[in-house]
Novice: 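Dropping a structure here in structure tokens format, bear with me for questions.
Note on naming: letters A, B, ... go to the chains in the order of the sequence lines (proteins, then strands), and numbering restarts at 1 for each one. Computed from a predicted model, the values in this text were never measured in an experiment.
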Amino acid sequence: MITSLAWKNIWRNKKRSLIIILATALGLWGCLLAGAIWMGWGESMVDTAIDRDLSNIQIHKKGYTQNKEATNFIPDGFRIIKETQSIAGVKAVSGRTLIDGMASSPISTFGVKIVGIVPAQAKKVTDIYNRLVEGNYFAGNGRNPIVIGKKLADRLGLKLHSKIVLSFQGLDGSLNYAALRIVGIYKTESSLFDQSNVFMQQADLLRLLNSKPIIHEIAIRTESARIMPQVYDALKTKYAHLAVQTWKELAPEVAFTSAAMESFTYIFLGIILFALLFGITNTMLMAVMERIRELGVLIALGMKKGKVFAMILLETILLSITGGVAGIVIGGLSIAYFSHTGIDLSALASSMETFGTSTLLHPFLPLDMYIALPVMIVITATISAVLPAWKAVHIQPSAAIRTY
Amino acid sequence: MPLIELKNLSKTYNTTAFPVQAVKNVNLQIKKQEFTAIVGPSGSGKTTLLNLIGGLDKPTGGSVFVEERDIATLKANELIDFRLHHIGFVFQAYNLIPVFTAKENVEFIMLLQGISKTIRDKKAVELLNAVGLGERIDSRPSQLSGGQQQRVAVARALASRPNFVLADEPTANLDSHTAESLLDLMEQLNKDYEMTFVFSTHDPRVIKRAHRVVTLEDGAIKFDVGGKN
Amino acid sequence: MYLSLSWRNLWRNKKRTIIAATSVFLAVLVAVVMRSMQNGSYAYMIRSSVKFYTGYLQVQGKGYWENRSLDRSIVIDEKQQKEILQIPHITSIVPRLEAFSLVSFEKVTKVAQITGIDPEAENNMTDLKKRLVQGNYLTDMPGGVLIAQGLANMLKIGIGDSVVLYGQGYHGVIAAARLPVAGIVKFPIAKMNNAMVFLTLTNAQNTFSAYGRITSLAIMLDNIKNQAHVYNSLSSMLGGQYTLMTWQEMMPDLVQGIELDNASGLIMLIILYIVIAFGIFGTVMMMTTERAKEFGVLVSVGMQKTRLIWVTTLETAFLAFLGAISGAVFSLPVITYFHYHPIPITGNAAPVFELLGVKPIFYFSTDPWLLINQAIVVLLIALATALYPIFFIKQLQPVQAMRS
């Protein structure tokens with residue numbers, strides 16, 4: 001009955017209550033949608049980085065990341081690839097032979113990372129094969145095929161089927177030159193990646209290196225993001241002598257940016273709720289002032305101060321939560337809508353490419369935010385209620401009835 | 001020449017249920033310096049009649065002439081200016097501006113008329129002295145009693161040098177003594193300033209003092225006693 | 001008297017006015033501090049990135065930016081250089097010859113960017129000498145090379161050892177040189193620290209058979225504000241012979257990073273201001289409706305509605321200004337403090353900034369326009385909310401209003 005009384009009291013001054021409800025709803029809606037876009041963007045950044053190159057977990061020889069020497073290969077790498085494939089939760093594994101080298105054309109020269117892969121393996125781990133704008137992904141039988149990025153091709157003035165010269169140091173320290181035929185040109189969201197990564201078949205690269213089979217990097221995709229920590233632990237214990245790292249360790253800036261989006265959204269929500277707090281306080285203060293006579297009568301009739309306080313508090317919470325729920329519902333619906341259709345940011349395409357994200361964003365909010373938000377609203381309402389409730393409690397019944 | 005002339009004045013309100021005729025075919029002439037009370041029970045149409053005279057309400061039939069000018073011909077803005085320069089208002093609930101002092105309340109109406117500061121100052125003090133509030137010129141309405149507030153309201157009504165003052169139940173909220181002294185004041189002003197007063201009231205104290213009493217019943221004039229016709 | 005009427009009306013309900021003004025105050029404070037941090041950081045990022053390498057403008061050969069080919073190098077003789085320096089606002093010009101090449105020491109070979117520099121001019125612009133951690137800086141005398149620390153570690157090379165450069169020179173001539181290491185320099189960005197070699201311009205020109213040629217001429221300005229002006233004078237001086245690049249074209253990542261961050265910040269502010277606007281609107285509405293009777297009286301006694309509107313609009317403006325000005329005044333010492341004590345970024349966020357090539361520090365701008373702009377925005381919002389009383393008064397029927 002108290003709740004229904006509080007509810008009715010809210011609607012005594014429709015316009016005033018509606019304004020504050022609208023402010024809450026709009027504020028939260030904007031906040032949630034913006035937050036969801038940020039988070040969708042962070043997620044997209046993570047996803048594209050994982051799909052393009054990082055994968056979920058990578059194994060190197062210890063010290064390789066500091067000194068990317070060709071001789072720092074993973075001992076017994078091929079056995080490890082086999083073993084990891086059978087670990088529960090592992091979806092696909094790709095071994096990479098990595099050599100730093102120089103790519104030259106008659107026009108220019110650039111430093112590149114030469115990645116030797118087994119196409120069938122690599123296809124399951126990264127999606128470069130899906131990013132070809134020209135040619136194919138090692139489908140033909142030609143000698144020494146190579147797949148390079150669009151950006152590099154442009155810089156070197158090379159076309160599909162052109163010859164590209166790679167120079168790199170062999171394991172024995174000798175300099176090697178190799179002319180390769182461009183069979184595919186890919187384009188990812190990151191032009192920096194496209195400029196500095198070229199892909200060869202592992203066997204070709206090893207032959208050019210005049211080397212026994214070696215690999216420097218094992219990239220592992222897990223069945224799901226959730227199972228990743230479990231797989232990571234298993235690998236870490238099993239290969240204690242190797243450097244086992246998740247993508248978060250490999251690209252802390254990507255992990256941070258993605259995680260920062262959530263903190264960012266919470267901070268923003270906090271600021272908006274803080275701003276709302278003032279509006280709510282004012283509205284409730286007015287509601288109390290307007291009813292000072294009525295409240296005075298209630299107190300005179302013997303209503304306990306605690307009850308009066310609780311009544312005002314309840315009204316404030318009801319008022320805020322009404323706006324809050326409206327905001328969450330509109331926010332949730334619009335996020336669901338946009339996450340279904342995606343938000344096409346191709347207008348900002350070049351901007352997004354810089355940060356390596358797809359131009360189609362799927363905004364989302366983690367579930368815990370939908371749980372945390374009502375709690376945050378109730379806290380805001382409670383703080384807002386303090387002043388008006390204080391005022392109500394301290395009404396002098398005699399004076400209130402006489403004066404107003 | 002009558003100061004105020006009402007010709008066949010009627011006002012009908014269209015309420016949701018049925019139309020209510022608040023004023024019916026009223027013909028009335030009020031001359032300069034008359035001290036007239038329009039009386040009648042609640043709902044007899046006194047306030048409506050006063051509102052029509054003051055141009056606050058529009059008649060549904062007939063016309064109001066003030067100094068032979070049909071106020072219906074005035075545009076909304078002109079009507080407001082007309083009230084500012086020709087009519088002084090005294091309300092039942094005093095209706096002073098709460099954030100202004102007594103003097104400022106009186107001054108304000110002159111400010112609206114565009115009168116210079118020195119004249120406003122002088123005249124406000126003079127008027128407040130005339131209504132017996134020379135000591136309280138810097139008090140805010142909340143610091144004044146009901147009777148004192150109504151005196152300020154009277155001073156305000158006179159400040160614009162109006163042709164006549166419309167007072168809607170000016171004594172309704174006052175006790176006997178205060179009401180009597182307010183009436184003394186208005187009678188005095190009527191004499192000293194040759195000011196015309198039109199009251200709407202059902203207060204016998206006012207009726208007793210009025211020079212002319214117009215009795216309304218159901219929106220029509222029933223009696224008209226004491227006029228200088 | 002109208003002013004004093006508005007002002008006093010504002011204080012009829014002190015608490016309400018203070019609460020509403022406080023919300024404006026806080027909004028302005030949050031907005032100013034946020035914008036100050038964003039703008040200050042952008043300005044710092046731009047300045048430091050520009051100074052770090054590219055300069056505000058660069059004169060390059062046509063097509064050089066795309067191919068980075070030595071074949072696109074240019075000749076700018078001393079006379080031309082002098083003429084360029086005479087353009088007002090140009091503080092210095094820095095010629096460079098850049099090329100990728102293999103660098104070897106004993107058994108290790110790496111790819112590096114070789115940059116031929118005018119040691120003194122380079123130091124004036126980029127403070128290269130300060131990066132020296134070992135050995136000596138370059139002199140004009142033909143001599144050694146400066147090598148980046150990370151690269152030196154990989155090559156296991158020390159001061160006095162001779163590094164071998166091996167690459168492609170001007171018009172495809174083979175470029176090879178053997179030069180002693182004079183000094184080791186340290187860069188904060190890993191990518192640069194692992195791949196930079198500096199030598200004197202003459203040495204570089206000889207090594208790459210690009211006698212008298214440079215690939216770029218970096219230009220520093222006294223102030224970014226003069227960039228467009230200098231760009232115009234310079235491009236008319238140079239004619240169509242060369243390409244004139246701006247830092248915006250050379251560092252699109254930076255520009256887009258700033259744009260994206262700026263857009264997020266603006267969206268946050270818009271939502272915050274919407275919430276604040278509702279708060280002001282609610283207060284203004286309460287201030288208006290509770291005085292309906294008073295308005296009725298004022299119109300009855302002959303106050304023109306336009307004057308009444310003026311008085312109520314003034315009230316709203318006072319309220320907004322009170323909050324806005326106190327917010328601006330209060331935020332001034334805050335941003336001034338942070339301007340002199342910028343906030344260093346620690347933890348996981350640092351690498352993100354290093355990725356963009358800037359020091360991880362939040363700088364604060366003290367541009368007075370920040371304060372002025374926020375005050376204007378708040379005033380506009382207030383004026384928008386003042387539409388309510390205007391509408392209310394326009395519709396006001398004095399008889400009805402007085403009856404309520």
Novice: What part of B:F82 gets within 4.5 angstrom of chain C, counting heavy atoms only: side chain, backbone, both, or neither?
Specialist: neither
Novice: Tell me, side chain or backbone of B:P162 under 4.5 Å from chain C's heavy atoms, or both, or neither?
Specialist: neither
Novice: Using non-hydrogen atoms and a 4.5 Å limit, figure out which bit of C:L5 sits close to chain B: side chain, backbone, both or neither.
Specialist: both
Novice: Calculate, to the nearest 0.5 Å, the distance between atoms CG and CE belonging to B:N163 and B:M195 respectively.
Specialist: 7.5 Å
Novice: Anything under 30° is parallel, anything over 60° is perpendicular, the rest tilted; go ahead and classify C:H341 against C:Y337.
Specialist: parallel
Novice: Show the numbers, then the answer: is there a side-chain hydrogen bond (donor to acceptor under 3.5 Å, both in side chains) between B:R151 and B:Q148?
Specialist: CA-CA 5 Å; B:R151 282 163 180 270; B:Q148 288 171 324; over 6 Å; no
Novice: Select, from B:R140, B:H86, B:K117, the one with the greatest count of heavy-atom pairs under 4.5 Å involving chain C.
Specialist: B:R140
Novice: Charged N to carboxylate O under 4.0 angstrom, B:E104 versus C:R8?
Specialist: yes
Novice: Can you tell me which of C:R291, C:Q304, C:M303, C:E294 forms the most heavy-atom pairs within a distance under 4.5 Å of chain B?
Specialist: C:Q304
Novice: Just by modelled atom types, is the B:H85 backbone N or O under 3.5 Å from a matching donor or acceptor in the B:S160 side chain?
Specialist: no
Novice: Please classify the contact between B:A157 and chain C as side chain, backbone, both or neither, with a heavy-atom cut-off of under 4.5 Å.
Specialist: neither
Novice: Which bit of B:N51 comes within less than 4.5 Å of chain C, counting heavy atoms only: side chain, backbone, both or neither?
Specialist: side chain
Novice: What part of B:F100 gets within 4.5 angstrom of chain C, counting heavy atoms only: side chain, backbone, both, or neither?
Specialist: both
Novice: How long is the straight-line distance from CD1 of C:I325 back to CD of C:Q374, given to the nearest 0.5 Å?
Specialist: 13.5 Å
Novice: So, applying ring pair (Phe, Tyr, Trp, His ring centres under 6.0 Å) with B:F197, which one of B:F35, B:F164, B:F89 is it?
Specialist: B:F35
Novice: Checking heavy atoms, do the side chain of B:I109, its backbone, both or neither come under 4.5 Å from chain C?
Specialist: side chain
